[in-house]
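This is a predicted model, so every value here is computed, not measured.
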Amino acid sequence: MTTSTTHAGDTLTRNALTVLQPGFDGTTAVPDWVRRRIGEGLASVSLFGRNVRTAEQVTALTAQLKAERDDLLIAIDEESGDVTRLEVRTGSSYPGNHALGAVDDTDLTREVAADLGRRLAACGINFNWAPSADVNANPDNPVIGVRSFGSDPLLVARHTAAYVEGLQSSGVATSAKHFPGHGDTAVDSHHSVPLIDVGRDVLDSRDLAPFRAAIAAGTRAVMSAHVLAPALDPDNPGTLSRRILTDLLRGELGYQGLIVTDGMDMHAIAGTYGFERGCVLAIAAGADAICTGGGPSDEGTVVRLRDAFIEAVRTGELSEERLADAAERVRALASWASVSGAASRSGGAPDTEIGLVAARRALTVTRGETYAAPVTEAPYVATFSPLPNIAVGDETPWGVTAELTATFPGTESGTFSGDGAGAKALAAAGERRIVAVVRDAHRHTWMSDALKTLVSARPDTVVVEMGVPQSAPIGALHIATRGAARVCGTAAAEIVTGG
C-alpha cells in the first residue's frame with residue numbers, strides 16, 4: 001500500500017478523503033481499511049454487483065458500515081431495468097426508463113421510483129446514481145439506449161422530475177445523469193471521449209431540458225458526463241470542465257446540490273488524462289464527489305487519490321477552499337440522507353407487483369396476419385446476443401428462456417451472434433417453434449439478417465425485441481419490451497404463451 005506523510009487527523013486530509021466515493025471487495029465483512037478510512041474522514045462508499053448476493057446480505061453489510069458512521073453515504077448504481085446492481089444475479093423487478101417513458105404516465109414513474117427507493121432504503125442504501133436524464137437523440141447510441149426515457153426532451157424532462165420526486169420521497173438521494181447529456185453519442189465513454197457536436201441552442205432545448213426539470217424537482221445530486229461538447233467547452237469533457245460544471249450547472253442553471261462524477265476509472269478520463277490527475281482536475285472544475293469504485297476497489301487507490309489532492313493543494317493546482325467546499329457538499333448530502341432516511345422508514349414495504357404492472361403496460365405487440373397464434377408447447381428460444389454494454393455488465397441474465405421453461409418444461413435454447421447466426425439457430429431449433437430474442441436489432445446488421453433468415457424459413461417465428469424498438473416489427477408475433485429487466489421477460493412470456 002502507498003504510504004503518506006500526512007497526518008490522519010488534519011483538515012486537509014479529512015477533506016481529501018471526504019470527496020471520494022470508493023468501492024471495496026466482499027459481501028459479508030467490511031474490510032478493515034474501509035473502517036479505518038471512515039474514521040479518518042471518508043464520508044461515502046459505493047456498492048457494486050460484486051458486493052451483492054441477497055437483499056438480506058446487503059442489509060447486514062450496510063449495517064456494518066453505518067456502525068462506523070451513522071450518516072455515511074452508501075451509493076449504488078441502481079437504475080433498474082437493464083442496469084441493476086441490487087438484483088444483478090436475477091434481473092430487475094422494475095422496468096427501466098425506456099419502458100416507463102413509453103407508457104408516459106408520470107404517476108406510474110413516480111410510483112415505481114418510490115417503490116425502488118423503499119427497497120434501497122430497506123437495504124441501508126441512501127444514494128442512488130440514477131436516473132438517466134439523457135435524451136436518446138442518437139438511435140445508434142451504444143451505451144444509453146433503453147436507459148433513457150426516450151428521444152423527446154419534454155417527455156424525458158417530465159419523467160426525470162417524476163423519478164426524482166418518487167425516489168427521494170423514500171429518503172434516498174437521486175443523481176440525475178449524465179450532465180450535460182450523453183444521449184447524442186455514438187461512442188461509449190467507458191472506452192473513449194464521446195463528442196456531442198451540436199450548437200448551444202440544441203443543447204439548451206434538448207439535452208439540458210431534463211436537467212432543468214431534475215433541478216426544479218429537487219434532485220440532491222447531478223452526475224457529470226465524460227463527454228466533449230464544444231459548444232460549451234471546446235477543450236475539456238464535462239467532468240473536467242469548469243465552464244460546464246461551475247459556470248453552466250451552478251451559475252446559469254442555479255444548481256446548488258452535490259456534483260458527483262461518473263466513474264473516473266473509465267477510459268475517457270483515466271486513459272486520456274490519467275486516473276489521479278483526472279480526479280484532481282474534476283474537483284478543480286467544480287465536482288464535489290469522485291466515483292472511483294467501479295474498477296479499482298483497494299485501499300491503495302484511496303490513498304493515492306487522497307495524496308494526489310493534498311499534493312495538488314500544496315502546489316496550487318487545486319485551491320484548499322475548493323476542496324473544502326466540495327467536502328462540505330458531501331457532508332451536507334450525508335446529513336440530508338441520514339435525516340430523510342430516518343423520517344421515511346415508516347413509508348411501508350415495497351410493492352412486489354408494481355414493476356410487473358409497469359412492464360406489462362410498456363409492451364407493444366404486433367401480430368401478423370397468419371401464424372400469430374400463441375406458443376402452446378415447448379419452443380426453441382434463440383437469443384441473439386450483442387457484446388454486453390459495460391454499464392449493464394454481463395452478469396445479469398436476460399431474455400425469456402427461464403420464463404418459458406417455467407410454463408413449458410423441456411424448452412430448449414441457444415445463444416448466437418455474428419454472421420450466419422440465423423442459419424445456426426434454424427439448425428439448432430429443428431422442428432420446434434422458434435422464439436427469437438434480440439436487443440437493439442437496428443444497431444446490428446448481423447442480428448437483423450438473422451431475424452430475416454428465421455422469418456423467411458419459419459413464418460411462425462415469434463420475435464421479442466428487448467432493446468430500443470427502432471426496426472420495423474418482423475415475425476408472426478413481435479413483442480417490444482423496451483428493456484431486458486426480469487419483469488420485462490415475464491411480461492413478454494405472458495404474451496408469447498397467450499396468457
> Taking only residues two or more places apart in sequence or in another chain, which ones pass ring-ring contact (aromatic ring centres under 6.0 Å, His included) with Y163?
Replying inline: none
>> According to side chain to side chain donor-acceptor pair (under 3.5 Å), who are the partners of T383, at least two apart in sequence or on a separate chain?
In response: none
> Does the side chain of E87 come under 3.5 Å of the side chain of S93 through a donor N or O and an acceptor N or O?
Replying inline: yes
> Strictly by modelled atom types, are R331 and N15 linked by a side-chain donor-acceptor pair under 3.5 Å?
Replying inline: yes
Contacts table for residues 209-219: side-chain donor-acceptor under 3.5 angstrom, sequence neighbours left out:
{"from": "R212", "atom 1": "NH1", "to": "D204", "atom 2": "O", "distance (Å)": "2.9"}
{"from": "R212", "atom 1": "NH2", "to": "D204", "atom 2": "OD1", "distance (Å)": "3.4"}
{"from": "T219", "atom 1": "OG1", "to": "T174", "atom 2": "O", "distance (Å)": "3.4"}
{"from": "T219", "atom 1": "OG1", "to": "T174", "atom 2": "OG1", "distance (Å)": "2.8"}
{"from": "T219", "atom 1": "OG1", "to": "A221", "atom 2": "O", "distance (Å)": "2.9"}

> Of the non-hydrogen atoms in S132 and I144, which two are nearest, and what is the gap between them?
Replying inline: OG-CG2, 4.4 Å
> Just checking, is any N or O donor in the side chain of S92 or T84 under 3.5 Å from an acceptor N or O on the other one?
Replying inline: no
> Looking at residues at least two apart in the chain, or sitting in another chain, which of them share a side-chain contact (heavy atoms from CB on, under 4.5 Å) with A287?
Replying inline: L245, I259, T261, A282
> Near R250 CZ, under 6.0 Å, is it more than 12 heavy atoms from other residues, nucleotides or ligands?
Replying inline: yes
> Does any donor atom in the side chain of D71 or S338 lie under 3.5 Å from an acceptor atom in the other side chain?
Replying inline: no
>> Checking E320 now: which residues fulfil side-chain contact (heavy atoms from CB on, under 4.5 Å) with it, not counting sequence neighbours?
In response: L12, V313
>> For the residue pair R486 and W398, would you count it as a cation-pi contact if the rule is NZ or CZ under 6.0 angstrom from the ring centre and within 45 degrees of the ring axis?
In response: no
> Do T27 and N51 meet the criterion of a side-chain donor-acceptor pair at a distance under 3.5 Å?
Replying inline: no
>> If only side-chain N and O atoms count, and only distance matters, is there a donor-acceptor pair under 3.5 Å linking R14 with T11?
In response: no
> Going by atom types only, do N97 and H159 share a side-chain donor-acceptor pair under 3.5 Å?
Replying inline: no
> Any salt bridge between E276 and R304, counting N to O under 4.0 Å?
Replying inline: yes
>> Please find the pair of heavy atoms, one from A484 and one from R439, that lie closest to each other, and give the distance.
In response: CB-NH2, 3.5 Å
> With A162, which residues qualify under side-chain contact (heavy atoms from CB on, under 4.5 Å), at least two apart?
Replying inline: T106, T109, R110
